[in-house]
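Input: a single structure, listed below in C-alpha cells.
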Amino acid sequence: MAAYFLRRIGYGVITLLGVLLLLFVLFFAVTDPDDIARKAVGERARPEVYAQWKTNHGYDKPLIINTGATGAGRFTDTLLAEHYRRMLTFDFGRSDADDSPISRRLREGALPSLGITVPLFVMGLVVSVAVALFVAFFRETYIDRVVLVLCMLTMSVAGLLYIIAGQYLVGQLLRWFPISGFDPNPAVVARFLALPVLVGVLSGFGADTRFYRTIFLEEIGRDYVRTARAKGCGDARVMVRHVLRNALIPILTNVVVQIPFLFTGALLLESFFGIPGLGALTVEAIQGNDFSTLRTMVYLGALLFIAGQILTDISYALADPRVRLG
Amino acid sequence: MSAPLLAVENLSISFPGEAGPVRVVDRVSLSIARGETLALVGESGSGKSMTALAMMRLVPKPGRIQPGAHIAFEGRDLLSLSVPDMRAVRGAGIGMIFQEPMTSLNPVTTVGDQVLEAIELHAKLSRAQARSHVIELFGLVGIPDAKHRFGAYPHQLSGGLKQRVMIAMAMAMRPRLLIADEPTTALDATIRAQILELLRDLSAKTETAVLLITHDFGVVNEVADRVAVMYAGEIVEEGSRGELLGHPRHPYTQGLLRSIPKAEARGHRLEEIKGSVPRPGHWPTGCRFHPRCPHAFAPCPGTEPQRTTVSATQAACCHLLDRSVEP
C-alpha cells in the first residue's frame, strides 16, 4: 500500500512537471511576455514605464537561455526556471491586471467558492443517488419511465437557462432569495448561496441520476442479489446493504475525482451570481488578460486533478476488498 | 399418508415476448415429502431453475406465475402469503443454494457476515451468539479453520469452499426444505463428490428435504430418492430413483440415460438425442418431444399425451403408454 502510494505520487510529480512545461509554452512562447506587458500598460506607454512593468513582474528575463549570465546562471536566471521555481513553491506573485498578490486573492476567494461548491456537491450526490436507487427499484414501471423522461428533459436544457430562469423566477417573481450578490456575514450568507446551489443541483441532476441508475441496475441483476433475497432480505435491505454497497465502487470513480475541484469553484455560477470566489476570479482573469492569475489557476487545477486521481485509487482499495494495492 | 412438505400444483410461468406472453414452465405439479430428496432433471432451458425460483417467489422480473397455480409449503399457500410472511419463509423454511458459488456471494462483504445476516434476519440473537453459531456452521459444512475464515472475503476462497459457505448460509436456520440449483455444476470433479456427500449427510442428519436440480444422472444416482424429468417446461416422467434409472418409460428419459458415458461401452460411439431442446415459445404441438423421438407415431404431433401411471410411484406422459391409442 505505502509503496503503491509513493509510486503513484511519483507519477503525479512527473505529470505535474509536464503540465508546467505545457503551461510555459502556452503562456510565454505562444503569447510572448512583451504582449502581456503591452496589454497591461497600454500600447502608447513610454518605453521606461513599459520596461519598469516588465521588471516588476519578472518578465524581463530571457526565455530559456540567459546569454548575458555566466555559469549556472545561463539556465537558472531565465523565465523558464523562474516559472518552475514559483509554481512549485506556490509563490504566485502579483496579478498582471491590478498588481494585487495572487495568494491573497486565492485565500479570499476560497471560502465563498467552498460555500457554493461543497453544498452543491453533497446535495447533488445525495439527491441523484437517492433518486437513482429509487427508480432502479421501480425499474420497468411507469415511475421509472417518468423519472427517466424528466432526466432527459433536464439534461437537454442548457445550464445558462437554469441560471437565468432561476434568477427570474425565484429572485424576481417570488423574491425568495436575492438575484445575485454575496455577503460573508454568516447570518445572511445562506440567502445568497441558496439559489446558485439549487440551480447547480438541478442542472447536474439528470446526467448523474441516469448514470447511477445504470450502475444500480447492473448490480441488481447480479447473482449475489438473488442470494440475499433467498435468505430473506427485504427490498430496502437488499438495495442498501447489498446493491448500494457494491455500486459504491463505480460511483467512487465518478465522485472522488470531483472533490479537489471543489476548491477551484464554479465558473459559471459564481460569475452569474456575483459570488467573489475562485471561479469568478478565473473568469475575470480570462476577460482581463491577467496571465499570471490564469496561469496560477490552470496550474492549481492540474494539481488538484492529479490529487483527485490518486484519491480515487486509494478509495477503491478501501471500498473493494478485491483490490489490494501493491 | 401424511401431507407432503411441499406440493406444487399447476405451476405455469411466463415472460412477456414480442408476440404476447411466452411460457417457460407449463402446468408443472410435483411434491416433496419430509426428509426426501427429489432430483429435478432436464437439459438447459427446460424450465427447472424457474420452477425452483417460483417456490421462493423469486421469479425474476418481468416473469410471472400464472393464476391457477398453488404452491403449498407445510400446508400454507406460498403464492398467497403477504410479502413479510414470504420473507420469513425464505431462508428459514426454505433455503436455497445456487449454481455459481463464484458470483452468488456478495464480493465486498466477508463470508462470515453474509452467513450471519441469514441468522439475524430470522432470529433474535446477540451478535456474539450469532457469530459463534456461524463458526459452528462452518465447521459443520467442513470449512477448515472456521474461526479464521469468518473474516475472509469470497475472492479469497476456492470454489468448493464458497459452495460450502453457500450451504452453511442456506442451512443456517435449519430449513425443512433445501433447494439446490445445480450445486456442483461449476465445481471440479473431485470437489463435486465432496459437496454431494456433504449435502447427503446434512439432509440425513437434519432431516431436511432436498430439491436437487441437475442435468447430471451421476448426481441423481448419488443422492436422489425420487426423480422428476422436465422437458420443454413440462414434467414428462417421474418415479423413484430405481424405477427411473432402471426402467425409464419415457423415450426422453431413455435417451438421457443412453447418452451417459459408461465404462463398459468404451470404444463405442456415444448415443445422443438428436436436435436440441426447443426454445420457449417454439414448443411443438402435441407431444413436445416428438420431433426428436425415435418412437414417434401417428398421434404424437397432434395430441398432447396424458400422464399415465405406471406404478404406485412412477408415471410418464407418452402415447406409447396410453392403451387407448394404438401404435
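Naming: A, B, ... by sequence-line order, numbering from 1 per chain. Model, not experiment: these values are computed from the prediction.
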Worksheet, complete the sentence: Pair count under 4.5 Å, heavy atoms only, with chain B: among A:Ala319, A:Gly232, A:Gly234, highest is A:Gly232
Discussion item. Using only atom types and a distance under 3.5 Å, with no angle test, would you say the side chain of A:Tyr162 pairs donor to acceptor with the backbone of A:Leu202?
Written reply: no
Response to the item:
Turns out that what part of B:Ile97 lies under 4.5 Å from chain A's heavy atoms comes down to neither
Discussion item. Tell me whether A:Phe211 at atom CZ has more than 12 heavy atoms from other residues, nucleotides or ligands lying less than 6.0 Å away.
Written reply: yes
Worksheet item: Which bit of B:Gln99 is near chain A, if near means a heavy-atom gap under 4.5 Å: side chain, backbone, both or neither?
Response: neither
Item to complete: Using a strict 4.0 Å threshold on nitrogen-to-oxygen distance, state whether A:Asp235 and B:Arg87 make a salt bridge.
Response: no
Practice prompt. Please answer whether the main-chain N or O of B:Ile143 pairs with a side-chain N or O of B:Arg164 as donor and acceptor at a distance below 3.5 Å.
Written response: no
Discussion item. Counting only non-hydrogen atoms closer than 4.5 Å, does A:Ala228 touch chain B with its backbone (N, CA, C, O), its side chain (CB onward), both, or neither?
Written reply: neither
Fill in: Sub-4.5 Å side-chain heavy-atom contact between B:Arg174 and B:Glu207
no
Item to complete: Go through the atoms of B:Met102 and report whether side chain, backbone, both or neither lie under 4.5 Å from a heavy atom of chain A.
Response: neither
Worksheet item: Considering only heavy atoms, which portion of A:Arg237 lies under 4.5 Å from any heavy atom of chain B: side chain, backbone, both, or neither?
Response: side chain
Discussion item. Taking side chain as everything from C-beta outward and backbone as N, CA, C, O, which of these in B:Leu121 sits under 4.5 Å from a heavy atom of chain A? Side chain, backbone, both or neither.
Written reply: side chain
Worksheet item: Pick from B:Arg131, B:His133, B:Gln129: which one makes a side-chain contact (heavy atoms from CB on, under 4.5 Å) with B:Ile119?
Response: B:His133
Worksheet item: Going by heavy atoms in the side chains, are B:Asp113 and B:Phe150 under 4.5 Å from each other?
Response: yes
Worksheet item: Does a salt bridge link B:Lys61 with A:Glu140, judged by any charged N lying under 4.0 Å from a carboxylate O?
Response: no
Worksheet item: Top residue by heavy-atom pair count (under 4.5 Å) with chain A, among B:Pro60, B:Gly91, B:Pro107, B:Gly95?
Response: B:Pro107
Item to complete: Answer with side chain, backbone, both or neither: which region of A:Arg226 has an atom nearer than 4.5 Å to a non-hydrogen atom of chain B?
Response: both
Discussion item. If you count heavy-atom pairs within less than 4.5 Å of chain A, which of B:Glu120, B:Glu117, B:Met56 leads?
Written reply: B:Glu117
Fill in: Proximity breakdown for A:Leu248 and chain B, heavy-atom pairs closer than 4.5 Å
neither
Worksheet item: Do you know which of B:His122, B:Glu100, B:Met96 has the most heavy-atom pairs with chain A at a distance under 4.5 angstrom?
Response: B:His122
